[in-house]
Amino acid sequence: MSDRQKILIIGTSHTGAFYTARHRIAEAFPTLDVTYFGLPGQIYSAALYEGGVFRAPEDASHLLGWMDTNEIDFAPFARILHVGERYTLNHAMRLMVFHDILEEPERTSRAFLSEAALGDLLRGLVHQRAERLAERFGADPRHCFLPAPYPLARSVAAGPGHEFALASLRKRPHGAKWMQRYEAMIEEEMARIGLDVMLQPQETRAGQFMTEDRYARPDTDPGMETVDHRHMNADYGWQVFCAFAQDRLGIVPEGADALAE
């Protein structure tokens, strides 16, 4: 019988970055037994969690290509990493983009919000999502929640997959500061209800709220048939899993060159 620690990575289609890094993870972390379970976003949101079993709806039209089951029992796992929660990111960014903040020096033709009002609105959005996670999964100390990665830096350029809110927020002088506050609210609200959250590691980011382009999936560049700025490659999955393993499990990958890019 294996004495390896059983880890579950579960979530939306963003679990694919970890699944594609599975062989590297298995080789570098021989004391871990990692299972991967992912569903398309809408199906994941509609899935049921009852009696410790997470199950896709019976009428789910499709699963991810690498999946061969529509349910999984959480009982065997020592730690469970949930991947893909967005914490209403698009709503949060639009609040920052479409308002001038009274206490900030920048002035445009946008409506005004005070710092206090914007802070309350952002916290309210985050609070609702944190409460929803607690209602769905309970205050189980095994759970750790990793937000979906920020879109790639290239997504701010015009063209297919353009991230309008992200590009607009990037131009505002207070954008990075308020995104830091938004992330702090995520940590505070999750801690308040007893759930662990691990924010996107800084080493994967391009600035405060974008992901470095080197983590783009193959054949998803602008000009390709499929343009994707939101789903990351195996290098991203590897890098983030290493951060999770070190910060939450207290272990590092084996081999002197394990973390080399």
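- Rounded to the nearest 0.5 angstrom, Ile7 CD1 and Ile80 CD1 are separated by 9.0 Å.
- Screening residues 6-18 for salt bridge (charged side-chain N to carboxylate O under 4.0 Å, His left out) gives Lys6-Asp33 as the qualifying pairs, with residues at least two apart or on separate chains.
- With a 4.5 Å cut-off on side-chain heavy atoms, Met210 and Glu163 do not count as touching.
- Under the 4.5 Å side-chain criterion, counting only non-hydrogen atoms from C-beta, Trp178 is in contact with Glu115.
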Result block: side-chain N/O donor-acceptor pairs under 3.5 angstrom for residues 137-157, not counting sequence neighbours:
from: Asp140; atom 1: OD1; to: Arg142; atom 2: N; distance (Å): 2.9
from: Asp140; atom 1: OD1; to: Arg142; atom 2: NE; distance (Å): 3.3
from: Asp140; atom 1: OD2; to: Arg142; atom 2: NE; distance (Å): 3.1
from: Asp140; atom 1: OD2; to: Arg142; atom 2: NH2; distance (Å): 2.9
from: Arg142; atom 1: NH1; to: Phe74; atom 2: O; distance (Å): 2.8
from: Arg142; atom 1: NH1; to: Phe77; atom 2: O; distance (Å): 2.9
from: His143; atom 1: ND1; to: His82; atom 2: NE2; distance (Å): 2.8
from: Tyr150; atom 1: OH; to: Glu183; atom 2: OE2; distance (Å): 2.7
from: Arg154; atom 1: NE; to: His229; atom 2: ND1; distance (Å): 2.9
from: Arg154; atom 1: NH1; to: Asp221; atom 2: OD1; distance (Å): 2.6
from: Arg154; atom 1: NH2; to: Thr220; atom 2: O; distance (Å): 2.8
from: Arg154; atom 1: NH2; to: Thr220; atom 2: OG1; distance (Å): 3.2
from: Arg154; atom 1: NH2; to: Asp228; atom 2: O; distance (Å): 3.0
from: Ser155; atom 1: OG; to: Leu152; atom 2: O; distance (Å): 2.6

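- Around atom CD of Gln180, more than 12 heavy atoms belonging to other residues, nucleotides or ligands sit under 6.0 Å away.
- Taking a cutoff of 4.0 Å between a charged side-chain nitrogen and a carboxylate oxygen, Arg172 and Glu104 do not qualify as a salt bridge.
- Residues Gln200 and Val240 form no side-chain contact, since every pair of their non-hydrogen atoms from C-beta on lies 4.5 Å or further apart.
- Ion pairing between Arg181 and Glu188 fails under the 4.0 Å rule for side-chain N and carboxylate O.
- Contacts classified as side-chain hydrogen bond (donor to acceptor under 3.5 Å, both in side chains) and involving residues 36-57 (residues at least two apart or in different chains) are given here: Arg55-Glu71.
- Here the side chains of Leu199 and Glu187 are in contact, with some heavy-atom distance below 4.5 Å.
- At a threshold of 4.5 Å between non-hydrogen side-chain atoms, the residues Phe209 and Leu166 count as touching.
- Sorted by first and then second residue, the salt bridge (charged side-chain N to carboxylate O under 4.0 Å, His left out) pairs involving residues 83-92 (not counting sequence neighbours) are Glu85-Arg129.
- Looking at heavy atoms from C-beta onward, Pro201 lies out of side-chain contact with Gln239 at the 4.5 angstrom threshold.
- For the atom pair CG (Leu32) and CD1 (Ile251), the distance works out to 4.0 Å, reported to the nearest 0.5 Å.
- In this structure, CG in Leu195 is found 13.0 Å from CD1 in Ile186, a value given to the nearest 0.5 Å.
- Glu58 is linked by a side chain to side chain contact (heavy atoms under 4.5 Å, CB included) to nothing, counting only residues two or more places apart in sequence or in another chain.
- A heavy-atom distance below 4.5 Å is not found between the side chains of Trp66 and Arg22.
- When the shell of 6.0 Å around CZ of Arg79 is examined, it contains more than 12 heavy atoms from other residues, nucleotides or ligands.
- By the 4.0 Å N-to-carboxylate-O rule, Arg214 lies too far from Asp235 to be salt-bridged with it.
- Between Arg192 and Glu189 there is a salt bridge, since a side-chain N of the basic residue sits under 4.0 Å from a carboxylate O of the acidic one.
- Apart from Leu48 itself, the hydrophobic cluster it occupies contains nothing, where clustering links Ile, Leu, Val, Met, Phe, Trp and Tyr at side-chain heavy-atom distances under 4.5 Å.
- When each of Tyr19, Phe18, Phe29 is checked for a ring pair (Phe, Tyr, Trp, His ring centres under 6.0 Å) with Phe241, only Phe29 meets the rule.
- Using a 4.5 Å heavy-atom threshold, the side chains of Leu118 and Leu95 count as touching.
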